[in-house]
Protein chains: 2
Amino acid sequence: MTVPTGQCCAPIAREPLAEDTAAELAVMLKAVADPVRLRLLSMIGSHAGGEACVCDLTDAFDLTAPTISHHLKVLRTAGLIDGERRGTWVYYRIIPEAVNKLGALFAPLTEPSPGPVPQPVAGRSELGLLPA
Amino acid sequence: MTVPTGQCCAPIAREPLAEDTAAELAVMLKAVADPVRLRLLSMIGSHAGGEACVCDLTDAFDLTAPTISHHLKVLRTAGLIDGERRGTWVYYRIIPEAVNKLGALFAPLTEPSPGPVPQPVAGRSELGLLPA
DNA sequence: GACCTGTTTAGATGAGCTTCTATTCAGGAG
DNA sequence: CTCCTGAATAGAAGCTCATCTAAACAGGTC
């Protein structure tokens, strides 16, 4: 069973997930299924300006800097965050489309909505990182 | 066990997740962060009547029955599904509150946080743990 | 009772993950 | 250029996880 539209997938309770779609989503979910990475993602996403410096993130944990760096790499490899070096420091920010994909997966099935999946459309005006 | 059915947290990008909240959510996410379990959850949730027999689920995978049973137990332990034996067969169904909790976590931030202050430079802002 | 089918439990094995220490890379200051 | 700090890489140790085979449990049929 393949997903009708080109989008990622319907909510989890609407139709059985395709095998490859499940594998793709599992990669993203595995990246988030860790207390440290969850908090990292939350700190980055909720930080003023929509981005956070690694130096800010490291101090919130009882972990060494290389460990934090490793977790950030996992999140980046999964396509959930993006990093950029500006001078001495490196700043990370969330990729809203990736998070929205997960949100759509677990969206409640309150009403049996019509045909297509109502994609939540990455808005997030504050973090202006959508290429229009 | 666990999973006391209640609102758990704000969307991931609104405020930093508390340490224990992140740990609790990671347990649930880890249960879902597997291709087999994702498909199992999707099959159960999208099955007619809202519940599915183990016998139906097993045939869709190239895995042995004990392995499927193990994955179902992980999902049940995480509070995502519930099982009931009726005669010879065992039927599983989704616990909507648990799935909704994940949906709320990754819900898009339509209304931006009221605190602008995009000034991340020069001396890290506290950022630490949120007060409960 | 004995027997058959569906499901779970118990161990074991091999792969993967989290964390560390030690080292290297990148940029700025003196 | 040399030194210092922030961040990433390399490699290793210990633990967790996904999967299997073998065995046990639950319920129905004869």
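Counting any heavy atom pair closer than 4.0 Å across all strands shown, B/Thr67 reaches a base atom. At the heavy-atom level, B/His70 lies under 4.0 Å from base atoms of the strands shown. Nucleic acid contact class of A/Ile68 (heavy atoms, under 4.0 Å, all strands): none. Note on B/Thr88: only backbone sugar-phosphate atoms sit closer than 4.0 angstrom, heavy atoms only; bases stay farther off. No engagement by B/Phe61 is indicated, since no non-hydrogen atom pair under 4.0 Å with the nucleic acid exists. Across all strands, B/Arg37 comes closer than 4.0 Å only to sugar-phosphate atoms, never to a base (heavy-atom distances).
The nearest whole Å value for the distance from the CG atom in B/Asp62 to the C1' atom in D/dA18 is 15 Å. Following rounding to the nearest Å, A/Lys30 (NZ) and C/dA15 (P) show an atom-to-atom distance of 15 Å. In this structure, the CG atom of A/Leu72 is 12 Å from the P atom of C/dT19, given to the nearest Å. Taking atom NZ on A/Lys73 and atom P on C/dC25, their separation rounds to 15 Å, with Å as the unit. Here the P atom of nucleotide C/dT5 and the CZ atom of B/Arg85 are 16 Å apart, to the nearest Å. The distance between atom CG of A/Leu75 and atom C1' of D/dA7, rounded to the nearest whole Å, is 16 Å. Rounded to an integer number of Å, the gap from CZ of A/Arg86 to C1' of C/dG28 is 16 Å. Counting to the nearest Å, the C1' atom of C/dT7 and the CG atom of B/Asp56 are 14 Å from each other.
Look at A/Ser69 and you won't find any side-chain N or O under 4.0 angstrom from OP1 or OP2 of D/dA7. Listed pair B/Tyr92 / C/dT8 meets the phosphate criterion, a side-chain N or O lying under 4.0 Å from OP1 or OP2.
Side-chain proximity of A/Val54 to C/dC20, D/dA8, C/dT8: nearest is D/dA8. Set against C/dG6, D/dT19, C/dT19, the side chain of B/Leu63 has D/dT19 as its closest nucleotide. The nucleotide whose nearest atom lies closest to any side-chain atom of B/Val36 is, among C/dT19, C/dT8, D/dT19, D/dT19. Among the nucleotides D/dA22, D/dT9, C/dG6, the one closest to any side-chain atom of B/Pro66 is D/dA22.
No side-chain donor-acceptor contact under 3.5 Å links A/Thr58 to the backbone of A/Thr64. A/Ser69 places no side-chain N or O within donor-acceptor distance of the main-chain N or O of A/Ala65, the cut-off being under 3.5 Å. The backbone N or O of B/Glu15 lies less than 3.5 Å from a partner atom in the side chain of A/Ser42, making a donor-acceptor pair.
If you find the closest nucleotide of DNA chain C to B/Thr58 and to A/Ala65, the one lying nearer the 5' end belongs to B/Thr58.
Figure legend: cation-pi geometry between B/Arg76 and B/Tyr92 absent, as NZ or CZ is not positioned both under 6.0 Å from the six-membered ring centre and within 45° of its axis.
The only option from B/Asp82, B/Ile94, B/Ile81 that meets the side chain to side chain contact (heavy atoms under 4.5 Å, CB included) definition with B/Leu75 turns out to be B/Ile81.
Using a 4.5 Å cut-off on side-chain heavy atoms (C-beta onward), B/Phe106 and A/Val32 make contact.
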